[in-house]
Amino acid sequence: MEQIKVLLANIDKPDSTSIDTYMAGGGYEDARKALTTMKPDEVTQLVKDSELRGRGGAGFPTGNKWSFVPKNAPKPTWLLCNADESEPGTFKDRLIIEKDPHLLIEGMIIAAFAIGSNPMSYIYIRGEFYYGATVLDKALDEARAKGFLGKNIFGSGFDFDITVHRGAGAYICGEETGLIESVEGHRGQPRVKPPFPAVIGVFGGPTVVQNVETLACVPLIVRNGAEWFKSFGTPKNTGPKLYCVSGNVKKPGVYEFPMGITIKELIYDHCGGITGDRKLKAVIPGGASAPMLTPDEIDIPLNFDALMKAGSMLGSAGIIVLDESVCIVDAVWRLAKFFAHESCGQCTPCREGTNWLESVLDRIERGEGRPQDADLLLDMSENIGGKSLCALGDAAIGPVISSVRKFRDEYLHHVEHKSCLPGTTRYRRLDMPVAAH
Amino acid sequence: MADLQPDNPYAPDRFPDPNKHVEFPEEAKKRFDWILTRYPTKEAALLPTLHLAQEVWGWISPEVVHYVGNLLDLSPATVFGVVSFYNMYNQKPVGKYHLQVCTNLSCMVTRAYDIYDHLCEKLSVHPGGTTKDGLYTVVEVECLGSCGTAPVVQVNNDYHESMDVVKMDALLEILK
């Protein structure tokens with residue numbers, strides 16, 4: 001499969017963040033077209049027809065999400081952009097924000113028009129992306145100066161403006177109700193659903209939360225039509241898609257392909273294969289939450305449905321490649337540590353369970369494991385999964401369960417021989433003190 | 001209550017010193033007024049106001065918690081609850097250079113722990129600690145969203161990508 005430049009068409013241009021560069025490529029014409037020649041329902045229908053699915057992780061059909069917004073809600077409707085890109089292995093939204101911010105802004109204008117958003121909207125960007133926030137602020141100023149944001153945009157009578165809202169370092173705020181809480185100025189602890197955000201979201205109004213990449217697709221759909229968008233990928237898994245490849249590969253980075261390139265093709269044909277030409281051990285296909293795949297499972301297309309069928313998920317398309325030299329227990333411990341750190345503390349199974357997973361994995365790695373620990377990990381995972389308000393608990397057990405099932409030998413080796421499997425490396429030093437969460 | 005752990009909300013250093021007066025400088029006041037116009041409720045301005053306060057004072061002291069609470073009609077407990085929930089609000093002073101080493105999986109397999117351990121040893125600090133001269137604070141952080149150019153070290157607001165121990169040493173020479 002050939003690499004494409006659709007969503008990333010602008011990023012290599014010199015001065016790609018300036019509005020002049022963006023407009024020279026036909027920028028903001030799609031928003032003008034949508035606002036002046038189409039009705040909001042027509043835009044929503046167009047996005048539905050394109051079969052665009054959310055790029056943030058869940059893969060929910062975007063057009064359907066927009067049509068759930070009630071028409072006569074007593075409170076104003078809100079559009080929020082989720083730029084809290086914190087899933088380990090994912091770095092695609094950052095590329096769009098830092099290199100082509102106007103594509104995102106134009107997508108937001110069209111989306112806001114379709115859902116009948118009130119005149120203010122927020123881009124929730126993770127606090128660490130300080131540079132990205134400054135790029136966005138500058139781009140927003142440019143768009144305001146041209147009249148693309150503000151009152152009566154394109155003479156259509158539609159008022160709309162965007163504020164950059166910086167997060168402050170919490171993975172959980174990428175969960176949509178956690179994000180909503182955080183925009184309201186609270187701790188980012190997810191809400192009980194229902195009511196879903198489409199009914200009661202931020203500030204009590206109906207709310208649509210969309211990922212950066214999803215919104216970036218919208219102007220392209222308006223420009224080229226739903227059929228064009230569907231010409232990429234396979235039915236139900238349509239469109240150009242950004243894949244983030246990291247870990248033990250020769251050429252890591254963001255790659256754009258029609259949705260459905262296989263993992264094997266991506267790693268070996270485009271990323272130059274494994275570092276040091278070592279053998280592959282495992283691939284995490286969709287960010288830290290996605291269950292691992294072994295080398296004989298990687299000949300599958302990277303789309304929502306195929307990976308779901310294989311017992312994993314596309315998630316945010318953050319592909320982490322681990323070679324044969326990686327100690328799998330150590331790798332899974334690092335992910336468990338992440339989830340223990342990021343659990344918001346609201347639901348007991350997740351708050352306690354993620355910490356237990358981390359400490360049991362740590363003791364196995366230190367050679368203090370017990371023979372029954374592999375099963376203990378599975379048992380604990382069972383008591384976390386599906387027992388919390390949001391998906392963080394389920395995310396935390398993904399790598400644990402899959403690694404215990406697929407690499408049980410390695411776990412048992414640690415318990416029996418009190419050391420890593422010969423030929424594998426532990427990357428951290430066990431004598432270094434570990435900071436508290 | 002007896003032990004004075006840094007996270008203990010009853011620890012004496014959690015209470016504001018009545019003799020210390022904090023107030024935004026003029027520039028920051030203007031910025032704060034602008035922030036208020038962007039949100040439908042005062043409470044929603046809490047996160048950006050705390051970012052602003054951290055820019056001004058470098059950390060969120062108990063006095064700042066009370067000051068921000070007063071500005072936004074929130075109780076100090078509410079403000080402190082938010083400050084302690086989010087990672088990026090410093091609950092104690094940090095060094096001039098806040099060295100934040102990502103050690104999550106993609107960075108770990110590209111040897112981020114080597115950089116982290118090297119920093120702790122070279123600067124003789126414990127994880128999360130600050131050097132005696134107040135120049136550097138070293139912390140291990142979770143994924144910074146720069147996995148394609150791992151390992152990454154964030155110094156204050158800036159990313160330094162594709163790092164290794166040698167590059168880190170060279171960077172330390174510049175950060176003085």
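Each chain gets a letter, A, B and so on, in the order its sequence line appears, and its residues count up from 1. For the numbers below, each heavy atom of this structure counts, side chains included, while hydrogens, waters and symmetry mates do not. Since the structure is predicted, the reported quantities are computational estimates derived from the model, not experimental observations.
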Aromatic ring proximity B:Y39/A:Y122, centre distance under 6.0 Å: yes
Side chain B:H51, main chain A:G167, donor-acceptor under 3.5 Å: yes
A:Y427 side-chain N/O to B:T103 backbone N/O, donor-acceptor pair under 3.5 Å: no
Please flag which part of [X] lies under 4.5 Å from any non-hydrogen atom of chain B: side chain, backbone, both or neither.
X: A:S325; result: neither
X: A:L95; result: neither
X: A:D330; result: both
X: A:I162; result: backbone

Tell me, for [X] versus chain A, whether the close heavy atoms (under 4.5 Å) come from the side chain, the backbone, both or neither.
X: B:E121; value: side chain
X: B:E43; value: both
X: B:C120; value: side chain
X: B:T110; value: side chain
X: B:V83; value: neither

Partner chain B: residue of A:D323, A:V326, A:N248 with the largest heavy-atom pair count (under 4.5 Å): A:N248
Options A:G188, A:G253, A:C344, ranked by heavy-atom pairs under 4.5 Å with chain B, top entry: A:G188
Residues of residues 83-93 of chain A contacting chain B, heavy-atom criterion under 4.5 Å, by residue number: A:S86, A:E87, A:P88, A:G89, A:T90, A:F91
Output the distance between atom [atom1] ([X]) and atom [atom2] ([Y]), rounded to the nearest 0.5 Å.
X: A:R426; Y: B:Y113; atom1: CZ; atom2: OH; result: 12.0 Å
X: B:R111; Y: A:T425; atom1: CZ; atom2: OG1; result: 6.5 Å
X: A:M120; Y: B:T37; atom1: CE; atom2: OG1; result: 7.0 Å
X: A:H341; Y: B:N104; atom1: NE2; atom2: CG; result: 10.5 Å
X: B:N157; Y: A:Y131; atom1: CG; atom2: OH; result: 13.5 Å
X: A:L335; Y: B:C143; atom1: CG; atom2: SG; result: 10.0 Å

Under-4.0 Å salt bridge between B:R38 and A:D161: yes
Residues B:E142 and A:R334 bridged, charged N to O under 4.0 Å: yes
Choice from B:L46, B:L105, B:V82 maximising heavy atom contacts with chain A below 4.5 Å: B:L105
Contact winner vs chain A - B:C107, B:S84, B:P40, B:A45, heavy-atom pairs under 4.5 Å: B:P40
B:L47 vs A:S182, side-chain contact (heavy atoms from CB on, under 4.5 Å): CA-CA, chis, key distance, verdict: CA-CA 8 Å; B:L47 266 71; A:S182 188; 3.5 Å; yes
Contact summary for A:R94 and B:G145, nearest pair of heavy atoms: NH1-O, 3.3 Å
Closest approach of B:Y86 to A:A168 (non-hydrogen atoms, all atoms of both residues): CB-O, 3.3 Å
For B:E140, the option from A:K337, A:M432, A:R428 that meets side-chain contact (heavy atoms from CB on, under 4.5 Å): A:K337
